[in-house]
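The figures that follow rest on heavy atoms only: side chains count, while hydrogens, waters and symmetry mates do not.
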Amino acid sequence: MARQKNLNHVPRQDRNRLLEGLEVYDYDNGELLGYLVEISHQGMQLNSRRAMIPARRYRMRIKLPPDHFPSPELHCTAVTRWSQPAGSEGFQAGFALAESSTEILDTICKLINMFGFQERETRFLATLQEFDRRC
């Protein structure tokens with residue numbers, strides 16, 4: 001059986017360049033929250049310069065690669081599940097999506113396909129489930 005070509009696929013050498021530009025902002029005050037490093041249908045992980053407040057609800061604007069998406073940003077709401085130091089790089093924080101619409105889920109699917117997040121989605125979901133068990 002012939003393998004179907006993934007039209008949304010971005011070559012590996014271009015992934016890191018695009019991923020570095022996926023900034024995430026607080027929709028309400030315009031503050032840079034961090035940079036997207038993981039995403040799944042249930043949540044996302046950011047690298048940030050500061051710790052995030054646990055259980056805080058954020059309305060977010062995620063900047064999208066303009067050549068691959070019709071809209072320049074994804075707007076969504078997420079709740080901080082965890083935040084921890086990441087050495088000299090600042091902090092890492094995990095967020096659970098607080099809402100989902102067809103538009104949000106379609107955009108997340110495309111991001112997952114473009115950046116190869118499928119390989120890491122299982123690990124990320126296990127981290128969220130472990131956090132839920134501890135709380």
Side-chain angles (χ1 to χ4, degrees):
M1 174 185 264
R3 198 168 116 174
Q4 183 178 0
K5 185 177 179 180
N6 182 351
L7 299 177
N8 295 329
H9 177 74
V10 175
R12 186 172 299 281
Q13 66 271 18
D14 293 334
R15 287 182 192 170
N16 290 338
R17 180 183 57 78
L18 286 172
L19 189 56
E20 289 171 3
L22 295 184
E23 300 167 332
V24 181
Y25 292 90
D26 185 312
Y27 185 86
D28 296 321
N29 65 22
E31 177 184 0
L32 177 66
L33 295 174
Y35 300 89
L36 187 69
V37 294
E38 299 278 350
I39 193 163
S40 76
H41 296 97
Q42 285 77 33
M44 68 189 82
Q45 180 179 331
L46 304 182
N47 282 346
S48 179
R49 292 190 178 109
R50 64 179 176 86
M52 298 291 158
I53 301 167
R56 180 170 176 196
R57 186 180 200 90
Y58 289 93
R59 291 189 331 151
M60 298 178 166
R61 292 184 303 117
I62 302 171
K63 292 203 148 219
L64 300 172
D67 295 340
H68 300 280
F69 292 86
S71 176
E73 297 177 336
L74 170 63
H75 296 186
C76 62
T77 303
V79 177
T80 311
R81 301 306 298 250
W82 55 269
S83 182
Q84 64 188 24
S88 63
E89 298 176 18
F91 294 86
Q92 294 178 339
F95 297 84
L97 288 175
E99 63 176 332
S100 60
S101 67
T102 302
E103 179 184 349
I104 290 171
L105 293 177
D106 287 349
T107 302
I108 288 172
C109 282
K110 190 168 182 179
L111 285 169
I112 289 169
N113 287 331
M114 284 178 64
F115 295 109
F117 286 123
Q118 306 96 319
E119 302 158 3
R120 301 182 306 213
E121 184 177 24
T122 302
R123 186 178 68 232
F124 178 67
L125 292 175
T127 301
L128 283 177
Q129 289 173 350
E130 178 63 29
F131 177 82
D132 285 341
R133 280 193 290 269
R134 287 186 279 162
C135 292

Exercise. What heavy-atom pair brings P65 and L22 nearest, and what distance separates the two atoms?
Worked result: CD-CD2, 3.5 Å
Exercise. Hey, does I112 have a side-chain heavy atom less than 4.5 Å from the side chain of H41?
Worked result: yes
Exercise. Is any side-chain N of the basic residue among R57 and E99 closer than 4.0 Å to the acidic one's carboxylate O?
Worked result: no
Exercise. Do Y35 and L46 pass the side-chain contact (heavy atoms from CB on, under 4.5 Å) test, and can you show the C-alpha distance, the side-chain angles, and the key distance before you say yes or no?
Worked result: CA-CA 5 Å; Y35 300 89; L46 304 182; over 6 Å; no
Problem set entry | Side chains of L111 and L64 in contact at under 4.5 Å (non-hydrogen atoms) | yes
Exercise. Under the side-chain contact (heavy atoms from CB on, under 4.5 Å) criterion, do M114 and F69 qualify, and how do the steps go?
Worked result: CA-CA 11 Å; M114 284 178 64; F69 292 86; 3.5 Å; yes
Exercise. Taking all atoms of both residues into account, what is the closest heavy-atom pair of L97 and S40, and its distance?
Worked result: CD1-O, 4.4 Å
Exercise. How long is the gap from CD on E31 to CG on D26, to the nearest 0.5 Å?
Worked result: 6.5 Å
For this session: Please examine the side chains of H75 and R59, heavy atoms only from C-beta on, and report whether any two atoms are closer than 4.5 Å.
Result: no
For this session: Would you give the length of the straight line joining atom OG of S100 to atom CG of L105, rounded to the nearest 0.5 angstrom?
Result: 5.0 Å
Problem set entry | Chi angles and distances behind the side-chain contact (heavy atoms from CB on, under 4.5 Å) call for M44, E38 | CA-CA 5 Å; M44 68 189 82; E38 299 278 350; 6.0 Å; no
Problem set entry | Beyond-backbone contact of K63 with Y25, side-chain heavy atoms, under 4.5 angstrom | yes
Exercise. Can you tell me if S48 uses its side chain to pair, donor with acceptor, with the backbone of L33 under 3.5 Å?
Worked result: yes
Problem set entry | Nearest non-hydrogen partners of S83 and A51, listed with the distance | OG-CA, 3.6 Å
Problem set entry | From CD1 (I108) to CD1 (I39), nearest 0.5 Å | 4.5 Å
For this session: Decide side-chain contact (heavy atoms from CB on, under 4.5 Å) for M52 and Y58; before the verdict, give the C-alpha distance in whole Å, the side-chain angles of both, and the deciding distance to 0.1 Å.
Result: CA-CA 10 Å; M52 298 291 158; Y58 289 93; 3.6 Å; yes
Seminar exercise, completed: So CZ of R61 and CD of E73: to nearest 0.5 Å the spacing works out to 4.5 Å
Problem set entry | For F91, all residues meeting ring-ring contact (aromatic ring centres under 6.0 Å, His included), sequence neighbours excluded | none
Exercise. Roughly how far, to the nearest 0.5 Å, is SG of C76 from CZ of F95?
Worked result: 10.0 Å
Exercise. Taking C-beta and beyond as the side chain, do M60 and Y27 meet within less than 4.5 Å on heavy atoms?
Worked result: no
Seminar exercise, completed: Rounded to the nearest 0.5 angstrom, the CZ-CG distance for R50 and L32 is 9.0 Å
Exercise. Can you find a heavy atom in the side chain of I104 that is under 4.5 Å from one in the side chain of L74?
Worked result: yes
